[in-house]
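Below is one structure, written out as structure tokens, with a few remarks after it.
Sequence positions, counted from 1, serve as the residue numbers for this chain.
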Amino acid sequence: MSDQIWYVYQNGQQLGPFAVLQLKQMIDSKMIPQDAYLFKVGWKDWRPIEETYPELGVASAAMPDGQAVLKTIAERRDAAPRATISGRVVVHNNSQMVIGSGVNISATGMFVETTDQIFAVGERLKLSVRVEGFARPFNVLAQVVRYNGDPKFPVGYGLRFDEIDQSVAAEIQAAIDRQNRSQAVTQQAAK
């Protein structure tokens, strides 16, 4: 199996795949900006570059102000917790359309499972979302941030919402809260 499983999203472009050694060299030579995101085959979402340093084996000394970076990672995780969802998502750009299944959702975006790869990273799309646990379907504009085509993992699009209605954001948060409570109960029962 190839070790080129890493992708970089910077300046509105997806680059890769890269091997871990290539990424380390790019980070060391400052070819990747600090506001870039990385994706590794097997992950469901892009991650801020500083969050990937431990997995890449990049020394924390290479990170600017290590404590501030760790705080930023925690803040980002808290800002966009996700809930697992199931339901139908229609994705289109006025000329092409895909119907996929929702995998997970946060207030900032979602992953839609589909084998139809017709949209490009960076493209703006319209979504019509009908998922279980939500009172009503909703529509939202989103941007493609990645496409995973590796069949060992969910195949489909990572989408970032442009702007979302506050009532929909509240329903997303309620779904996340329900899932967190359920997980907490399961963990307590396992003890």
Side-chain angles (χ1 to χ4, degrees), residues 6-16 32-41 43-52 69 71-150 153-180:
W6 291 88
Y7 293 84
V8 177
Y9 186 79
Q10 65 183 34
N11 303 322
Q13 292 185 333
Q14 178 178 317
L15 308 170
I32 301 176
Q34 288 299 306
D35 63 349
Y37 288 81
L38 296 185
F39 175 77
K40 178 181 172 185
V41 172
W43 291 350
K44 288 186 178 183
D45 299 301
W46 289 87
R47 296 181 184 174
I49 188 170
E50 66 270 13
E51 187 176 324
T52 66
V69 170
K71 182 178 178 191
T72 302
I73 293 167
E75 288 171 350
R76 287 182 186 176
R77 282 185 180 149
D78 289 343
R82 298 193 169 274
T84 301
I85 57 171
S86 86
R88 187 180 76 177
V89 182
V90 177
V91 182
H92 66 94
N93 63 3
N94 289 332
S95 63
Q96 296 177 300
M97 181 179 81
V98 167
I99 298 176
S101 300
V103 173
N104 65 47
I105 194 166
S106 76
T108 60
M110 69 185 307
F111 188 87
V112 176
E113 193 168 20
T114 178
T115 56
D116 298 320
Q117 185 180 2
I118 60 175
F119 305 117
V121 171
E123 188 171 355
R124 299 227 183 267
L125 304 171
K126 297 175 183 176
L127 311 179
S128 294
V129 181
R130 180 183 300 269
V131 293
E132 294 175 18
F134 283 65
R136 59 183 169 77
F138 65 91
N139 297 317
V140 65
L141 298 174
Q143 181 178 16
V144 178
V145 292
R146 74 178 173 91
Y147 181 82
N148 177 48
D150 186 341
F153 307 99
V155 173
Y157 292 99
L159 304 164
R160 183 179 61 231
F161 299 144
D162 284 347
E163 199 172 305
I164 193 156
D165 182 88
Q166 290 304 310
S167 64
V168 173
E171 278 200 87
I172 291 170
Q173 188 58 53
I176 292 167
D177 292 344
R178 279 192 305 273
Q179 188 168 333
N180 286 342

Ignoring hydrogens and angles, write down the donor-acceptor pairs under 3.5 Å from the side chains of residues 83-92, residues two or more places apart or on other chains.
unit_1: Thr84; atom_1: OG1; unit_2: Gln179; atom_2: NE2; d: 3.4
unit_1: Ser86; atom_1: OG; unit_2: Glu132; atom_2: OE2; d: 3.3
unit_1: His92; atom_1: ND1; unit_2: Asn94; atom_2: N; d: 3.4

For [X] against [Y], the heavy-atom pair lying closest together:
X	Y	result
Ile164	Ala169	CG2-CB, 4.2 Å
Glu171	Gly133	OE1-O, 4.2 Å
Ile176	Ser106	CD1-CA, 4.4 Å
Arg136	Ser167	NH2-OG, 3.1 Å
Arg82	Asn104	NH1-OD1, 3.2 Å
Ala36	Val8	CB-CG1, 4.4 Å

Inset, instruction - Mind checking side chain to side chain contact (heavy atoms under 4.5 Å, CB included) for Val103 and listing every partner two or more places apart, or none if nothing turns up? - result: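 Once residues adjacent in sequence are excluded, the partners of Val103 under the side chain to side chain contact (heavy atoms under 4.5 Å, CB included) criterion are Lys44, Phe111, Glu113.
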Inset, instruction - Mind checking side chain to side chain contact (heavy atoms under 4.5 Å, CB included) for Asp177 and listing every partner two or more places apart, or none if nothing turns up? - result: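 In terms of side chain to side chain contact (heavy atoms under 4.5 Å, CB included), with neighbours along the sequence ignored, Asp177 is linked to Gln173, Arg181.
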What pairs with [X] under ring-ring contact (aromatic ring centres under 6.0 Å, His included), at least two apart in sequence or on another chain?
X	answer
Trp46	Tyr9, Phe39
Phe161	none
Tyr7	none

With sequence neighbours excluded, what pairs up with [X] under the side chain to side chain donor-acceptor pair (under 3.5 Å) test?
X	result
Asn148	none
Thr115	none
Gln117	none

So do the side chains of [X] and [Y] get within less than 4.5 Å of each other, counting heavy atoms only?
X	Y	result
Gln96	Asp116	no
Tyr147	Val155	yes
Met97	Ser128	no
Leu125	Leu159	yes

Inset, instruction - Carefully, step by step, assess Ile105 and Val131 under the rule side-chain contact (heavy atoms from CB on, under 4.5 Å). - result: CA-CA 10 Å; Ile105 194 166; Val131 293; 5.6 Å; no
Inset, instruction - Only pairs at least two apart or in different chains count here, so list each salt bridge (Lys or Arg N to Asp or Glu O under 4.0 Å) that has a residue in residues 157-168. - result: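 Those involving residues 157-168 are Arg124-Asp162.
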Inset, instruction - Apply side-chain contact (heavy atoms from CB on, under 4.5 Å) to the pair Val168 and Val140, showing each step before the final yes or no. - result: CA-CA 10 Å; Val168 173; Val140 65; over 6 Å; no
Legend entry - Tyr157 (side chain) donor-acceptor with Gly100 (main chain) under 3.5 angstrom: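 Not a single qualifying donor-acceptor pair exists.
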Inset, instruction - Nearest 0.5 Å please: distance from the CG atom of Leu127 over to the CG atom of Leu141. - result: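 Between Leu127 CG and Leu141 CG, I get 8.0 Å after rounding to 0.5 Å.
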Inset, instruction - For side-chain contact (heavy atoms from CB on, under 4.5 Å), just list the numbers for Ile172 and Phe134, CA-CA rounded to whole Å, side-chain angles, deciding distance to a tenth of an Å, and then say yes or no. - result: CA-CA 8 Å; Ile172 291 170; Phe134 283 65; 3.7 Å; yes
Inset, instruction - Determine, stepwise, if the pair Phe119 / Thr114 fulfils side-chain contact (heavy atoms from CB on, under 4.5 Å). - result: CA-CA 11 Å; Phe119 305 117; Thr114 178; over 6 Å; no
